[in-house]
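Working notes for the structure below.
Indexing begins at 1, ligand by ligand and atom by atom, following the structure's order.
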Amino acid sequence: MKARQIDGREVAAAVRAEVADDVQEWVRAGHRPPRLEVVQVGSDPASSSYIRSKTRACAEVGIEAGTMKLPDTVSARELREAVRRLNEDEGVDGILVQLPLPPHLSAHDVIEAIDHRKDVDGFHPMNVGRLVLDQPCFRSCTPAGIRELLRYYEIPVKGKHAVVVGASNIVGSPMAVMLSRENSAGKATTTICHKFTRDLTRHTIAADILIVAVGQAGLIRGEMVREGAVVIDVGINRVADESADRGYRLVGDCDYDSVADRASWITPVPGGVGPMTVAMLMKNTLLAARGSIYPR
Ligand code: NDP
């Protein structure tokens with residue numbers, strides 16, 4: 001079997017177009033445009049680049065965006081104070097603290113300091129807890145984007161066996177929760193694998209839907225995948241490539257060719273899950289502005 005490609009760029013463009021229409025309607029109804037505020041600590045080039053792409057996407061859909069830049073010497077208290085000011089600013093709908101933070105700061109502490117009603121990344125314990133309880137919440141953007149991909153391509157989830165490789169707070173864990181819940185994704189039987197999982201292949205080979213979010217190029221090879229499985233590759237890894245302008249290219253966690261030979265559907269890297277993450281952030285910011293999750 002040669003897998004069909006899931007086109008994340010196309011689906012993300014569709015999500016952004018829908019958000020842009022909804023923003024226009026919201027503004028036409030007399031509201032101010034939604035506003036996202038990004039907090040950046042330090043000047044890590046990768047973080048700056050992610051923030052630029054989020055800001056560009058905001059502009060495209062009519063969401064206002066600002067970046068609060070703080071020096072990497074900022075104390076935990078000063079950072080919490082900055083977040084508190086944004087919490088209280090009625091002109092700000094969504095707050096996002098760009099990760100990673102410098103080592104002297106705790107991501108958990110700063111995320112908990114964000115008003116959960118403005119937590120458009122969906123990382124606050126209130127949103128994570130409500131996700132587990134299958135209640136309306138801001139859902140972490142990458143797994144929410146994957147859910148959207150499955151929906152767009154009408155790939156059934158209910159009753160399937162979904163295997164999630166990787167258990168981070170940002171991707172793997174919320175993905176596994178979503179897939180197993182009724183409202184969020186539709187009741188798959190879900191297995192979650194991590195570093196201590198013994199005999200990974202025993203699990204991956206049993207998956208109808210295999211989601212891989214680890215950060216190791218080539219971890220999943222064709223022989224680890226069931227014939228006809230749906231494979232979603234979240235990983236983004238740089239591998240050296242002298243023929244590329246930048247001296248490297250981006251690959252996922254799956255060995256694309258051998259996995260595509262067995263799967264029925266597969267996401268490419270780049271152009272699969274990546275574009276969905278930013279699109280879902282736009283959606284969450286609109287939901288925050290409209291008070292759709294937490295009515296005012
Ligand atoms: P983390 O490093 O936070 O988590 C990696 C997870 O993989 C951990 O749960 C870890 O287990 C698990 N793991 C590590 N090695 C193995 C192994 N050999 N077998 C099974 N599980 C293993 O990464 P993230 O979740 O943040 O990101 C994962 C990948 O996805 C990265 O490449 C990242 O760049 C990419 N990513 C892509 C996004 C996109 O928009 N496309 C968005 C976010 C991330 P343990 O819990 O035991 O440590």
Between F138 and H124, is the gap from one ring center to the other below 6.0 Å? no

So which protein heavy atom does atom 11 (O) of ligand 1 come closest to, and at what separation? K195 N, 3.3 Å

For ligand 1, is there an N or O atom under 3.5 Å from any N or O atom of Q216? yes

Just need the protein heavy atom nearest to atom 42 (C) of ligand 1, so name the residue and atom and give the distance. T142 OG1, 3.3 Å

Given D93, which of R117, K118, R290, R32 fulfils the side-chain hydrogen bond (donor to acceptor under 3.5 Å, both in side chains) condition? R32

Nearest protein heavy atom to atom 12 (C) of ligand 1, by residue and atom, and its distance? G166 CA, 3.9 Å

Over 12 foreign heavy atoms within 6.0 Å of NE2, H31: yes

Below a 4.0 angstrom heavy-atom separation, can you tell me which part of N169, side chain or backbone, both or neither, approaches ligand 1? neither

Residue pair S47 / Q40, side-chain donor-acceptor N/O under 3.5 Å: no

Would you please test R249 and D241 for salt bridge (Lys or Arg N to Asp or Glu O under 4.0 Å) and show each step? CA-CA 6 Å; R249 68 195 156 85; D241 182 353; 3.2 Å; yes

For Y294, I'd like to know if atom OH has over 12 heavy atoms of other residues, nucleotides or ligands within 6.0 Å. yes

Does ligand 1 have any atom sitting under 4.0 Å from a heavy atom of G274? yes

Looking at A213, which atoms of ligand 1 are within less than 4.0 Å of one of its heavy atoms? 5 (C), 6 (C), 7 (O), 28 (C)

Considering only the protein, which heavy-atom contact is closest to atom 25 (O) of ligand 1, and what is its distance? S168 OG, 2.5 Å

Before signing off on this row, confirm whether A167 and ligand 1 have an N or O atom pair separated by under 3.5 Å. yes

Is the shortest distance from a Lys or Arg side-chain nitrogen in E25 or R28 to a carboxylate oxygen in the other one below 4.0 Å? no

Going by the closest heavy atom to atom 43 (C) of ligand 1, which one wins out of V171, T197, V164? V171

Region of I236 that comes within reach of ligand 1 [heavy atoms, distance under 4.0 Å]: both

Check each of V278, T277, L281 against T142 using the side chain to side chain contact (heavy atoms under 4.5 Å, CB included) test, and report the only one that passes. T277

Select one of side chain, backbone, both or neither to describe which atoms of V234 lie under 4.0 Å from any atom of ligand 1, heavy atoms only. both

The closest protein heavy-atom partner of atom 40 (O) of ligand 1 is T277 OG1, 2.7 Å

Answer yes or no: are there more than 12 heavy-atom neighbours, outside D245 itself, under 6.0 Å from its atom CG? no

Please determine whether a side-chain nitrogen of the Lys or Arg among E60 and R56 lies less than 4.0 Å from a carboxylate oxygen of the Asp or Glu. no

Heavy-atom nearest neighbour in the protein, as seen from atom 29 (C) of ligand 1, with distance rounded to 0.1 Å: G215 N, 3.7 Å

of all protein heavy atoms, closest to atom 2 (O) of ligand 1 is V214 O, 4.3 Å

Protein contact of atom 19 (N) of ligand 1 - nearest heavy atom, named by residue and atom, plus distance: H194 O, 3.9 Å

